[in-house]
Amino acid sequence: MKLIDEYLKKIEKELQSEGRKIKAEEVGLVTEVKDGIVILEGLDDVSYGELIQFEQKKIGFVIDIEEFTVGAVVLGDYLSIKSGDKATALGYTLSIPVSEAILGRVVDSLGNPQDSSVKIAAKEFYPVEKVAPGVVRRIPVSLPIQTGIKAIDALIPIGRGQRELIIGDRVTGKTTLAIDTILNQKNENVICIYCAIGQKNSKVAAIIDLLKKYGALEYTILLNASASESAAMQYLAPYSATAIGEYFMDKGKDVLVIYDDLTKHAWAYREISLILRRPAGREAYPGDIFYLHSRLLERACRLNKKYGGGSLTALPIIETLEGDLSSYIPTNVISITDGQIYLETDLFNAGVRPAINVGLSVSRVGTNAQTKAIKSVSGKLKLDLAQYREMAAFSQFESELDEETKKFLNRGARITQILKQKKNQPYSLAFEVAIIWAASNGYLDELPLDKVESFETKLLSDLKMRGKSLVQRINKNKIIEKKDEEDLKKFVTENLGV
Ligand SMILES: Nc1ncnc2c1ncn2[C@@H]1O[C@H](COP(=O)(O)OP(=O)(O)O)[C@@H](O)[C@H]1O
Ligand SMILES: [Mg+2]
């Protein structure tokens, strides 16, 4: 043994003295190619996630390690790869370039620009897969992400560092809810990342236009792995988006990441797993599908001061079929997240938009993070709504209702009315507080139901015109003091025409 080592050293020395650079490389052979997945032999020392370079400079990464073979996913076009090709293990895992220059850009899962040919100038690379920060580096969620959507901020508040699922059938306003939340971060110093997985390019283009129109693209990054891209790119997308988020979080920033949607992400992974001939489980998903999403969402957190105090808030979206929350992927993601916002087709069609089912939606940590101002008006609102739901169900059978019940039904109907909100119109904190204050203090009880909307419009425009100082005070102090309450009362009663 010693002799061999000595000889090797001697040869190495001689080679180097001739001015040659030597580098050890692990080279394998392609034995099978199928739908973007490549099976290789001879790569005995690779690790999971390691990059592989094929002969034509194509890149892939290891996703499956068997006794004698290795499975890799090809990134991009795989048609030119044939069996018998050489493949070299590069010795490092997949990383994407990150820098401030990525803000306002549209990129693919590898960080390549899609909006123009200008490359993103970056000195740093962040690994796509990363172990989530441990408990010691985290602190509890205690600051809110203001969504600007009345129903959410009042009833299902979201905290910075939280994971809140948006779930519902197709066309129930899931994407709209998420995009409105981005629009509302304009002056909140939050970096937003919208990760589109398996969506139509036309839809993504519409979202880019919308963000541009509202001046929201400058603090947003769009990561697009559309339906036309390979399963590998769709599979990678949310991890890459999180890596970009982590870059900003490590700089002490607050980051909001939207994964639209994880159902299609699970499909992409199922496709890859089936091609790899992994045993299929429930709904033909592989056994590790739970781990797929938990290792992703666990990366959402709020770091403590020592690590910069940044946060990463995750809003994953799941699309259900006919409202079925108990199918495989929805139940998985519900159990991983800290709560869910459940959107319903029936409500959406009945004109309750955003179509949030308040009874089935929860936020397990957000209430700790609510601002004092919202907390002071939403406590009563929740109670009123819960009673309303209970009574509304029973009152269908009763013809004669007592006064008390009628009062609750009346109040509930008005609250439902004020929780409606047009799309792309997030409210500032003061506006949310003003309208909810009016409803929960009974000022709207006498108002005919069809007049509630016009009252709201009137109140808000009046506040914009004459109530600047009140609005500024509430937005800044995030609390309602005695004087603010008196002012609110004045504005509300005047606009009611009492
Ligand atoms: N609050 C709202 N008010 C009015 N229209 C809305 C509202 N939310 C969503 N919509 C409309 O409903 C349609 C579906 O919304 P979208 O967010 O794309 O649903 P999903 O992502 O659940 O499929 C879109 O045309 C959108 O403009
Ligand atoms: Mg959508």
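Atoms within a ligand are numbered from 1 in the order they appear, just like the ligands themselves. Along the sequence shown, residues carry numbers from 1.
Under 2.8 Å from the Mg ion (ligand 2), one finds the following protein N/O/S atoms: T175 OG1.
Of the candidates K422, K451, K150, R414, E456 forms a salt bridge (charged side-chain N to carboxylate O under 4.0 Å, His left out) with just one, namely K150.
Between H265 and Y239, a ring centre-to-centre spacing shorter than 6.0 Å is recorded.
Summary of contacts: the protein heavy atom closest to atom 5 (N) of ligand 1 is R353 NH1, 3.7 Å. Residue, atom and distance of the protein heavy atom nearest to atom 6 (C) of ligand 1 are K423 CD, 3.9 Å. F348 CZ, 3.9 Å is the protein heavy atom nearest to atom 11 (C) of ligand 1. Considering only non-hydrogen protein atoms, atom 23 (O) of ligand 1 sits nearest to V171 N, 2.8 Å.
The cationic group of R411 does not satisfy the cation-pi geometry with Y388, failing either the under 6.0 Å distance to the six-membered ring centre or the 45° limit from the ring axis.
A donor-acceptor pair is defined here as one N or O able to donate and one able to accept, closer than 3.5 Å; such a pair exists between the side chain of K478 and the backbone of N475. Formation of a donor-acceptor pair under 3.5 Å by the S363 side chain with backbone atoms of G366 is found in this model. Remark: the backbone N or O of S109 is paired with a side-chain donor or acceptor of S240 at under 3.5 angstrom.
A salt bridge is defined here as a Lys NZ or Arg NE, NH1 or NH2 lying under 4.0 Å from an Asp or Glu carboxylate O, and D260 with K174 fails to meet this definition. Between R163 and D338 a salt bridge is recorded (basic side-chain N to carboxylate O distance below 4.0 Å). We find that R278 and D64 are joined by a salt bridge, their nearest charged nitrogen and carboxylate oxygen being less than 4.0 Å apart. Salt-bridge formation is not detected for the pair E494/K458: no Lys NZ or Arg NE/NH1/NH2 atom is positioned less than 4.0 Å from an Asp or Glu carboxylate oxygen. Look at K213 and D209 and you find no salt bridge, because none of the NZ, NE, NH1 or NH2 atoms lies under 4.0 Å from a carboxylate O.
Taking a cut-off of under 4.0 Å to the non-hydrogen atoms of T175, the atoms of ligand 1 that pass are 17 (O), 21 (O). Within ligand 1, counting atoms from 1 as listed, the ones closer than 4.0 Å to a heavy atom of T172 are 19 (O), 20 (P), 22 (O). Here is the list of ligand 1 atoms found below 4.0 Å of a heavy atom in G173: 9 (C), 15 (O), 16 (P), 17 (O), 19 (O), 20 (P), 22 (O).
Residues Y78 and D35 meet the side-chain proximity criterion, which asks for heavy atoms closer than 4.5 Å.
Considering each of D261, I149, I356, T176, the one bringing a non-hydrogen atom nearest atom 8 (N) of ligand 1 is T176. Of the options Q199, K422, K174, the smallest heavy-atom separation from atom 22 (O) of ligand 1 is shown by K174.
Taking a distance limit of 4.0 Å, we find that atom 16 (P) of ligand 1 is approached by some protein heavy atom.
On a distance-only criterion, Q421 and ligand 1 share at least one N/O pair closer than 3.5 Å.
Under 4.0 angstrom from ligand 1, there are no non-hydrogen atoms of E319.
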